[in-house]
Trainee: 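Dropping the structure in here first, questions after.
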Number of protein chains: 2
Amino acid sequence: MSQMQNVERQLREMILGLEIGPGERLTERWVESRFGASRTPVRAALLRLETEGLICRDGRGWTVSPINLAELEQIAVYREAVEVAALRLTCTLQDRSAVEIIEGMLDSCDDKTPREEWHRVGMDFHIELARLSGNEFLFRAVRDAMTRLSRARWLEVRDEAALGRAWAEHHAILSAVRAGDADSAARLLSAHIIGSRDRLVTSLRNDRRGLRARGFAVVA
Amino acid sequence: MSQMQNVERQLREMILGLEIGPGERLTERWVESRFGASRTPVRAALLRLETEGLICRDGRGWTVSPINLAELEQIAVYREAVEVAALRLTCTLQDRSAVEIIEGMLDSCDDKTPREEWHRVGMDFHIELARLSGNEFLFRAVRDAMTRLSRARWLEVRDEAALGRAWAEHHAILSAVRAGDADSAARLLSAHIIGSRDRLVTSLRNDRRGLRARGFAVVA
DNA sequence: GATCCCATTCTGGGATACCAAATTGGTATC
DNA sequence: GATACCAATTTGGTATCCCAGAATGGGATC
């Protein structure tokens with residue numbers, strides 16, 4: 001694997017895992033020494049992460065993208081459009097047996113499953129559901145949107161009830177898809193996305209001071 | 001303006017203007033000498049164009065992305081999802097006076113307008129319409145999709161009637177938006193996008209041999 | 001003590017040198 | 001004439017060096 005891919009992957013994981021906080025400054029030299037690569041692959045990796053929205057330019061330098069509440073709301077609208085479109089497309093397919101795999105993914109989580117795993121499965125549910133549509137662009141759009149939402153979802157304070165609620169909503173959506181009921185599935189998915197957005201933004205808005213105290217930039 | 005942006009912009013224009021044909025091989029050294037920049041900005045520019053889908057990796061090297069008919073069909077589905085979502089969003093806005101600007105854009109084209117300008121305005125119509133929604137992600141999605149479609153639309157054989165038809169459809173969509181009739185606008189836009197797709201793919205499929213004879217790679 | 005200014009440091013942007021792998025072209029062999 | 005093989009060349013990947021401009025910090029001045 002090339003140095004560029006190495007740096008890109010590791011840096012992405014550090015950012016998504018909040019090991020580098022939203023709003024923190026980055027210098028190419030720091031990344032260079034941190035991962036033992038030279039500046040050429042480092043710069044290539046930074047350029048790629050910039051297009052993913054994980055880092056952004058800050059004048060001449062680089063900054064880990066802050067959590068942006070207005071952006072989170074816009075992403076939810078975007079997600080709703082592409083995810084519902086993908087879902088409707090999937091409902092028109094003859095062979096929808098792949099929903100079983102996603103169902104199995106959900107069922108692999110139980111009370112003993114660590115929070116981190118719930119988080120990952122919750123994201124993968126949406127990504128894999130979009131992949132079923134067979135449309136590469138809808139799939140990528142959902143995957144990229146989930147990447148952008150990832151850190152915020154991780155910061156969200158979620159109780160057991162909220163996790164169970166999401167789990168139930170995911171299952172309900174799959175049931176509708178399996179039945180081929182596109183309208184119901186779409187309605188459930190829309191409600192799920194918008195509901196999640198509202199809880200997410202509310203949670204972050206309430207915790208804004210605490211998050212800032214932890215050194216995380218949360219804007220708008 | 002930086003060298004990277006220079007190379008990126010000029011190379012993008014060469015690719016979109018078909019000065020470099022779909023499927024042609026690119027070497028970093030050629031780009032380097034062609035634009036008088038060194039490899040560092042050239043590589044940065046290539047990485048960015050790769051994320052735009054205008055070039056793609058070909059083993060170790062670079063290739064100008066071929067025209068991919070299957071991809072064009074998928075993009076149309078993607079476009080339909082995001083453009084309709086943006087349109088519906090726009091219809092909910094109080095102030096939709098900006099549609100007048102787009103209308104003026106359309107009306108700036110007449111019989112004497114060169115074909116190239118019709119082409120550009122046809123793309124900008126969709127991009128600017130999406131921008132009105134105020135949702136940055138829907139807007140970018142449409143802009144990126146139009147960029148990916150650009151070369152294919154340019155290759156399409158379109159007669160006067162087809163151009164006039166698109167013009168009329170664009171106007172009908174704007175009228176519905178101005179009236180705030182989201183459902184009608186959405187229906188018209190969907191039909192327009194899918195109709196355009198069918199004509200585009202049919203045209204390219206028929207011309208496939210001719211296009212290949214001109215050195216343009218057209219796959220699937 | 002506050003403020004202005006200048007030298008130093010640091011940063012990203014660019015250019016270039018080097019390397020390993022892959023491609024290529026030609027030649028020798030069958 | 002086809003094919004196998006080897007050397008020269010070319011390629012992208014990487015490391016490193018240089019530069020101009022921005023940021024920084026300390027000291028002089030008021």
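Protein chains get the first letters and strands the later ones, always in sequence-line order, with residue 1 at the start of each.
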Trainee: Would you tabulate the side-chain donor-acceptor contacts of residues 69-77 of chain A under 3.5 Å, counting partners in other chains and residues two or more places apart, or write 'none'?
Mentor:
from: A:Q74; atom 1: OE1; to: B:E136; atom 2: N; distance (Å): 2.9
from: A:Q74; atom 1: NE2; to: B:G134; atom 2: O; distance (Å): 2.9

Trainee: Looking at A:M146, is its backbone amide N or carbonyl O close enough to the side chain of A:S150 to form a donor-acceptor pair, meaning the two atoms are under 3.5 Å apart?
Mentor: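 Here the side-chain-to-backbone pair does not exist.
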Trainee: Report yes or no: does B:R12 contribute a side-chain atom to a donor-acceptor pair with the main-chain N or O of B:E52 at less than 3.5 Å?
Mentor: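 Pair absent, no side-chain N/O of B:R12 close to backbone of B:E52.
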Trainee: Under 4.0 Å, counting only non-hydrogen atoms across every strand here, what does B:L46 touch: a base, just sugar-phosphate, or nothing?
Mentor: nothing
Trainee: Is it the case that A:R57 places NZ or CZ above or below the six-membered ring of A:W62, under 6.0 angstrom from the centre and within 45 degrees of the axis?
Mentor: yes
Trainee: Can you tell me the distance, in whole Å, between the CZ atom of B:F35 and the P atom of C:dG13?
Mentor: 20 Å
Trainee: Which side-chain hydrogen bond (donor to acceptor under 3.5 Å, both in side chains) pairs, counting each pair once, include a residue from residues 93-109 of chain B, with sequence neighbours left out?
Mentor: B:D95-B:S97, B:E100-B:R178, B:E103-B:H171, B:E103-B:R178, B:D107-B:H171
Trainee: Not counting sequence neighbours, list each pair that qualifies as a side-chain hydrogen bond (donor to acceptor under 3.5 Å, both in side chains) and has a residue in residues 204-220 of chain A.
Mentor: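 Not a single pair qualifies under side-chain hydrogen bond (donor to acceptor under 3.5 Å, both in side chains).
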Trainee: State whether A:E156 and A:R199 are salt-bridged, where the test is any N-O pair (Lys NZ or Arg NE/NH1/NH2 against Asp/Glu carboxylate O) under 4.0 Å.
Mentor: no
Trainee: Which class fits the ring pair A:H192 and A:H126: parallel under 30°, tilted 30 to 60°, perpendicular over 60°?
Mentor: parallel
Trainee: Rounded to the nearest angstrom, tell me the gap between atom CD in B:Q5 and atom C1' in C:dG13.
Mentor: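 Rounded to the whole Å, the gap is 11 Å.
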Trainee: Mind pulling the stems DNA chain C is in, i.e. runs of at least three Watson-Crick or G-U pairs, everything under 3.5 Å?
Mentor: C:1-30 with D:1-30
Trainee: Within residues 47-58 of chain A, which residues have any heavy atom lying less than 4.0 Å from an atom of DNA chain C?
Mentor: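 Under 4.0 Å from DNA chain C: A:R57.
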Trainee: Within the 4.0 Å limit for protein heavy atoms, which parts of nucleotides 14-23 of chain D are touched? Write it as a string from 5' to 3', B for base, S for sugar-phosphate only, - for none.
Mentor: BBBBB--B--
Trainee: Return the orientation label for the A:F125 and A:H170 ring planes: parallel under 30°, perpendicular over 60°, tilted otherwise.
Mentor: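 Taking A:H170 first and then A:F125, their aromatic rings lie parallel (interplane angle under 30°).
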Trainee: With a 3.5 Å distance limit and no angle check, can you tell me whether A:T63 reaches the backbone of A:G23 through a side-chain donor-acceptor pair?
Mentor: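 Pair absent, no side-chain N/O of A:T63 close to backbone of A:G23.
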